[in-house]
Amino acid sequence: MVRITFPDGSVREYENGITGLQIAEQISPKLAKEVYSATVNGEVRDLTRPITADSTIKLHKWDDEEGKHAFWHSSAHLLAGALELLYPGIKFGIGPAVESGFYYDVDPGEGKVITDTDLPAIESKMKELAAGNLVYSRKEVSKKEALEIFTKKGDEYKTELISELEDGTISLYSQGDFTDLCKGPHLPSTEPLKAIKLLSVAGAYWRGNENRKMLTRIYGITFPKQKLLDEYLVFLEEARKRDHRKLGRELELFTFSPKVGMGLPLWMPKGAELRQNLISFMTKVLKKRGYKIVATPHIGNVNLYKTSGHYEKYGKDSFQPISTPQEGEQFMLKPMNCPHHCEIFNATPHSYKDLPLRMAEFGTVYRYEQSGELHGLTRVRSFTQDDAHHFCRPDQLKDEFKSIIDLVQFIFKAVSFEEFTAQISLRDPDNKDKYIGTDENWEKAERAIIEAAQEKNLQTTVVPGEAAFYGPKLDFMVKDALGRKWQLGTIQVDYNLPERFDLSYNGSDNQKHRPVMLHRAIFGSMERFVAVLIENSAGKFPLWLAPEKAVILPISEKFNDYAGKVLEILNNSDICTLIDERSEKIGKKIRDNELKRIPYLLIIGEKEVENGTISVRKQGEGDKGSMKIEEFVSFINDEIKKEIAV
RNA sequence: GCCGAUGUAGCUCAGUUGGCCAGAGCAGCUGAUUUGUAAUCUGCAGGUCGGGGGUUCGAAUCCCUUCAUCGGCUCCA
């Protein structure tokens, strides 16, 4: 007998060799149908593997990550099985479960291609196979055997993987006639794979290495119920509707021109207004929090970047230096603002009493992204960071961190990203040589971040090994209205630049000391942030951000005079308002302006002229009744004040 | 950069196996209408079919090349 301990602490005895699936069946047949994998003594395993010792067990259903993982991983094998039938001689790379769904990387063979038009046929084959309720069976083999099997098959990618594995740990999984090298775990059978959808095909380098062969990656997703798949497809559709590239064009926020250059965003008037609203707001907040605004040029002497180290590290892959008529003189488009800021710091002597010094700039930087990496506003070659650098004493590090966390929380709240997570990236404890700076400083900095996060009640995950070579960092990820995660703000400790630029301040001992530098951005970049805002709000911006706050819709041209007066009052009250004087019917005007996502529609007809009022209609909500003009002005101002209580 | 797909009017899309002056809706401009809470009617204009080269009697359609866009490019068997 074996003693099995359940997550709730209860203990039951079972026959030696019982499986997770059998345990589930004994609890209830319904449960047995809903479980996909089990964690036994901390190890995620197949449900069908016998348990031969006293163990703790947790059964995983769809709602658990582990359950989904097994579900999708098994789906990837099903995809591979279907591909092997349809494309004899196809070779397999890897086929893991991912955050939503799974993929398989395959090599269809010389001269053969798989395109998205082939997906429906592959999908049907998968459905056909799944309907056969194929059992996933596990077999452990020696390294030698595994190599033989896959060498015989001609699967060079698999043999490469196997050759890197330890002998004695190799397992194979089969369903139907298809066998794959796999660690598992898998579902007991294909029975739960009810809803199957192949989503896209893409190229992917073998092992992510651009010097190696490009394989064909097929993405798919599966669900235990058709309804869940339908919901997922609706979600994808909704995401497509919110695509900032589509909305950016429709709402006339920004554009790109091949004549200007790819990846170089052009802000149109409305987009620029939105961007400016963000910048004004942020500037006001920064000034209140002791930041000094600076401004620096878009280029810098190449020697500046040799000093900073950026030239050596990124020089080859960036925009190339600009030569001048002066022999040997070269400038670079600035890829970051920090070197310029360091020189501002160096321009004046500093006492320990002056620190921390917080230097902020909406600095436009230029980075040469590979053409295939460009994507709307989120991946561009020119962008404006809401950049700032804190120059502080080592003993101020933690307080500075806290002040920035506080600022991030404040700003995210103002732009209604209520839900966000944070990640602390520390250095790899086994590989300390990669990093610059003393052990003592690193420990101090890492401790400062962790404590600051704790003291600000910030929910964080800590990831060792993810730090930059020059210091640990804290990144913020917001969750948008569709539950998607976006990385925005970041705070990074830097011991490198103060050294390279020989920054110093006079301490109370009248000796020179090295300040610590913090890089930080909250929006990240204006481009990226606006993209996230658009996708989060579907273009329905909060009032304070909306480039146009209201539009006046006269019922007929007879009321244009009065409309003009209202327009003047509102615009003089700093409420950016337009007027729709077309000789269209009111229904049409309402529709068109609703589609433009203008927050308030002000309807004016005979009644309004007589009473000196306007009829207010809120976008998406409908008629709000009539108001005096001054009433509306204070109504709008109140709403904006409520939105951004600085 | 690489793999695959796509590129027709400002936007969304038609355009059969290569064959009459390349079409539609929306947007734009005309004119009429003067309208009360999500689409009034009329007319007009708008395109070197991404650019270049080729095959052909003939190319939006086939081939080559180039540019741009889209999906991706280790969440390790």
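Letters A, B, ... are given to chains in the order of the sequence lines, protein chains preceding strands, and every chain is numbered from 1.
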C1' spacing across the pair B:C70 / B:U56, given as an integer number of angstrom: 33 Å

Interatomic distance where NZ belongs to A:K588 and P belongs to B:A38 [whole Å]: 14 Å

Reading nucleotides 67-77 of chain B 5' to 3', which nucleotides get B (base under 4.0 Å from a protein heavy atom), which S (sugar-phosphate only), which -? -SSSBBBBBBB

State whether the distance check finds a donor on one side and an acceptor on the other, under 3.5 Å, for side chain A:S583 versus base B:U34. no

Using a heavy-atom cut-off of 4.0 Å across all strands, would you classify A:I586 as base, sugar-phosphate, or nothing? sugar-phosphate

Under 3.5 Å, side chain of A:W62 to main-chain N/O of A:G67, donor-acceptor pair present? no

A:E237 and A:R240 ion-paired at < 4.0 Å: yes

All N/O contacts under 3.5 Å from nucleotides 44-52 of chain B to the protein, with atom names and distances to one decimal?
none

A:I555 atom CD1 is separated from B:U37 atom P, nearest whole Å, by 7 Å

Span that lies between the P atom of B:G52 and that of B:U8, in whole angstrom: 16 Å

Whole angstrom value for the distance that separates P of B:A27 from NZ of A:K596: 11 Å

Atom C1', compared across B:C29 and B:A9: separation rounded to whole Å: 15 Å

Going through the distances and angles, do A:F150 and A:F92 end up as a ring-ring contact (aromatic ring centres under 6.0 Å, His included)? CA-CA 10 Å; A:F150 286 97; A:F92 296 96; 9.4 Å; no

Separation between the C1' atoms of B:A45 and B:G23, rounded to whole Å: 16 Å

Does A:N209 reach the main-chain N or O of A:N211 with its side chain, forming a donor-acceptor pair under 3.5 Å? yes

Taking atom C1' in both B:C3 and B:G18, compute the distance separating them and give it to the nearest angstrom. 30 Å

Report yes or no: does A:S171 contribute a side-chain atom to a donor-acceptor pair with the main-chain N or O of A:C182 at less than 3.5 Å? yes

Can any side-chain N or O of A:S74 pair as donor or acceptor with the backbone N or O of A:L187 at less than 3.5 Å? yes

Residues A:E535 and A:K246 bridged, charged N to O under 4.0 Å: no

Parallel, tilted or perpendicular, judged at 30° and 60°: which one describes the rings of A:Y136 and A:H186? parallel

Would you classify A:E65 as touching base, sugar-phosphate or nothing, given that sugar-phosphate means primed atoms plus P, OP1 and OP2, and contacts are heavy atoms under 4.0 Å? nothing

Can you tell me, in whole Å, how much space there is between the P of B:A24 and that of B:G15? 15 Å

If I take atom CD in residue A:E557 and atom P in nucleotide B:U34, what distance separates them, rounded to the nearest angstrom? 10 Å

Write down the distance between CG (A:L119) and P (B:A5), rounded to a whole number of angstrom. 12 Å

Ignoring hydrogens and angles, tell me if any N or O in the side chain of A:T39 forms a donor-acceptor pair with the backbone of A:G42 under 3.5 Å. no

Determine the contact category for A:K558: base if any of its heavy atoms lies under 4.0 Å from a base atom, sugar-phosphate if only primed atoms, P, OP1 or OP2 are that close, otherwise nothing. sugar-phosphate

Scan every strand shown for a Watson-Crick or G-U wobble partner of B:U69, both distances under 3.5 Å, and answer none if you come up empty. B:A5

Is NZ or CZ of A:R217 both nearer than 6.0 Å to the six-membered ring centre of A:Y103 and within 45° of the ring axis? yes

Roughly how many Å is it from CD in A:E581 to C1' in B:U35, rounded to a whole number? 15 Å

Name the residue closer to the 5' end of RNA chain B, choosing between A:D592 and A:G605 according to the nucleotide with the nearest heavy atom. A:D592

Would you call the rings of A:F319 and A:Y366 parallel, tilted or perpendicular if under 30° counts as parallel and over 60° as perpendicular? perpendicular

If I pick the P atom on B:U48 and the same atom on B:U61, what distance separates them, to the nearest angstrom? 15 Å

Between the protein and nucleotides 6-13 of chain B, which nitrogen or oxygen pairs come in under 3.5 angstrom?
{"from": "B:U12", "atom 1": "OP1", "to": "A:R249", "atom 2": "NH2", "distance (Å)": "3.1"}

How is A:S615 classified with respect to the nucleic acid when contacts are heavy atoms under 4.0 Å: base, sugar-phosphate, or nothing? base

Electrostatic pair A:D480-A:K485, nearest N-O below 4.0 angstrom: no

When the P atoms of B:C21 and B:C63 are considered, how many whole Å apart are they? 24 Å

Which distance, rounded to the nearest 0.5 Å, do you find between the CG of A:L553 and the CD1 of A:I603? 5.5 Å

What is the distance, to the nearest angstrom, from the CZ atom on A:R582 to the C1' atom on B:C41? 15 Å

Rounded to whole Å, the CG-P distance (A:D580 to B:A38) equals 15 Å

Identified pairing partner of B:C11, criterion: Watson-Crick or G-U wobble below 3.5 Å: B:G25

